[in-house]
Every structure is written in structure tokens, then in C-alpha cells.
Amino acid sequence: VLTTERLILRPWRDADVAPVTAMFADPTVMRYFLGTRDAAYSEKWVAGVRAHFDRTGFGIWAVEAPGVASFMGFAGLSTVPNTMPACPGVEIVWTLAEAYWRRGYATEAARAALADGFRRLGLDEIVAFTATVNTPSRGVMAKIGMRRDEREDFSHPRIPKGHELGPHVLYRAAANPARIRP
Ligand SMILES: CC(C)(COP(=O)(O)OP(=O)(O)OC[C@H]1O[C@@H](n2cnc3c(N)ncnc32)[C@H](O)[C@@H]1OP(=O)(O)O)[C@@H](O)C(=O)NCCC(=O)NCCS
């Protein structure tokens, strides 16, 4: 469990499945993904996140804001899938329910997850990637000090050529910033 000024990043509870299912079914939340997801996907996704924690000792936390929401979304670290160019590596991810956007929550959660990755897990580097057009997510990446090298931009391997969500940007954060390529 990680705590910040306003948030608790905690393990998943069965009660989180319903609100995360609602998030994955919300077209506004899923604007920068190929589409919304159904309940079966969401349930499997949560099980996968829990299994990742058991396997590796790290993962994507449920985000709670005491007095505000017992579940507002998720943030944390995950192993980069082997279909992505940044593999092997560890990525940082975040998604919040729309009601909680633009209040600095994603930035606050991401800073805690990044610090945990560098201090507790001893990672040298953490990456993040998103569709080039995903301005909100790129805003979080920039705000937590991650850096993009446009030479590392890539096309998402599973998004059809010509689709507006195909072009992706890659951001990096290093435990020792001097390690990031100039
Ligand atoms: C991406 C997301 C988690 C951001 O959450 P958030 O809590 O609203 O982000 P923050 O309030 O910490 O914002 C950090 C910075 O990002 C940028 N930003 C966030 N939302 C933005 C928006 N709608 N438009 C433009 N810039 C935005 C801003 O630079 C902001 O800093 P500022 O508020 O000081 O100007 C949220 O928009 C979300 O869940 N989106 C849908 C899912 C998604 O795309 N996830 C990422 C997949 S890679």
C-alpha cells in the first residue's frame, strides 16, 4: 500500500470490479483506446492485475481517496507486454473515472508509483506510452518529469495503419536522470 497526501494506492478488492467495469464501459474514459470493454474483460483484467502482483511483487493499484471515493480508478506499474517496442521494461499506467479528472489525482498517484519503482523495486528506468493524440495522459507524463524522445515514437502493433490512435509516443523516467539519452 502507498499513501500520498490525498490518496491510498491499495490492493484490489472484489468490490472494485463493478466500478472498474463502469470505467472500461465509458466511451469518454476509453476515448484513446480502440473501444469500450465489457464486464467479462474487466473481471479478467482485474484477475490479471492481481496475478501480476503475486508473480512480481509489483503492479497496478486501486486508487482510493479517503472521504472522496473508495475507488476512483487505478495507477501503478506493469510489465511491458512482449508485443510492444519498449519490451523488456516496466511501464507506468493510470486511468481514473471521469468524475475525478483535472484535480491532480493522476499526477499524485503516478509520482508515488514512480518513487516506489525506483526506491523499493530498485528499477533503473520506467517507461510510459500512449497514443500521440492522448493529451491528458501525456500531460501526466510530462508533469511527473518523464521525457519523450521523438526518435522513439512508434506505431501501435495492434492498431490498423491509418487509424488516428496508431501513432504512439514513448516517455522514459530514469532513477538517475543522467542515464536518459540526450
Ligand atoms: C489521463 C488521466 C488519468 C489524467 O488524470 P487527471 O487526474 O485528470 O490528471 P491530472 O489532473 O493529474 O493532470 C496532469 C496534467 O495533465 C494534463 N491534462 C490532464 N487532463 C487534461 C485534459 N483533459 N486536457 C489537456 N491536458 C490535460 C495537464 O497538463 C495537467 O496538468 P494541469 O492540470 O496542471 O494543467 C485521465 O484523463 C484519464 O483517466 N483518461 C482516460 C484514460 C486514459 O487515457 N488513460 C491513459 C492511458 S495511456
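Index from 1, following the sequence. For ligands, and for the atoms within them, numbers begin at 1 and follow the listed sequence.
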Next on the checklist: Could you check whether Asp38 pairs with Lys44 (Lys NZ or Arg NE/NH1/NH2 to Asp/Glu carboxylate O, under 4.0 Å)?
Outcome noted: no

Minimum distance, heavy atoms only, to [atom]: which one of [options] is it?
{"atom": "atom 27 (C) of ligand 1", "options": "Ala110, Pro136, Ala128, Gly139", "value": "Pro136"}
{"atom": "atom 40 (N) of ligand 1", "options": "Trp101, Phe129, Tyr100", "value": "Trp101"}
{"atom": "atom 28 (C) of ligand 1", "options": "Arg138, Lys143, Arg102", "value": "Arg102"}

Next on the checklist: Please find the pair of heavy atoms, one from Ile126 and one from Met146, that lie closest to each other, and give the distance.
Outcome noted: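 Of all heavy-atom pairs spanning Ile126 and Met146, the closest is O-CE, 3.3 Å.
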
Item to check | Contact summary for Gly35 and Met30, nearest pair of heavy atoms | outcome: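 That would be O-CE, 3.5 Å.
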
Checklist entry - Around Arg55, counting heavy atoms of other residues, nucleotides and ligands shown, do more than 12 lie under 6.0 Å from its CZ? => result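 Enclosed.
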
Checklist entry - Given His52 and Phe58, is the side-chain contact (heavy atoms from CB on, under 4.5 Å) satisfied, shown in steps? => result CA-CA 7 Å; His52 187 287; Phe58 69 95; 3.4 Å; yes

Enumerated ligand 1 atoms positioned under 4.0 Å from heavy atoms of [X]:
{"X": "Val29", "answer": "41 (C), 42 (C)"}
{"X": "Arg103", "answer": "11 (O)"}
{"X": "Thr107", "answer": "10 (P), 12 (O), 13 (O), 14 (C)"}
{"X": "Gly104", "answer": "10 (P), 11 (O), 12 (O)"}
{"X": "Thr130", "answer": "48 (S)"}
{"X": "Thr95", "answer": "39 (O), 42 (C), 43 (C), 45 (N)"}

Nearest non-hydrogen protein atom, [atom]:
{"atom": "atom 6 (P) of ligand 1", "value": "Ala106 CB, 3.6 Å"}
{"atom": "atom 45 (N) of ligand 1", "value": "Trp94 O, 3.1 Å"}
{"atom": "atom 47 (C) of ligand 1", "value": "Phe33 CZ, 3.5 Å"}
{"atom": "atom 39 (O) of ligand 1", "value": "Leu96 N, 2.9 Å"}

Using modelled atom types only, decide if a donor and an acceptor are shared between the side chain of [X] and the backbone of [Y] within a distance under 3.5 Å.
{"X": "His156", "Y": "Phe154", "value": "no"}
{"X": "Glu108", "Y": "Thr4", "value": "no"}
{"X": "Thr21", "Y": "Ser42", "value": "no"}

Checklist entry - Passes salt bridge (Lys or Arg N to Asp or Glu O under 4.0 Å), Asp124 versus Arg172? Steps please. => result CA-CA 10 Å; Asp124 287 333; Arg172 295 180 185 272; over 6 Å; no

Next on the checklist: Counting only heavy atoms closer than 4.0 Å, does ligand 1 sit against the backbone of Asn134, its side chain, both, or neither?
Outcome noted: side chain

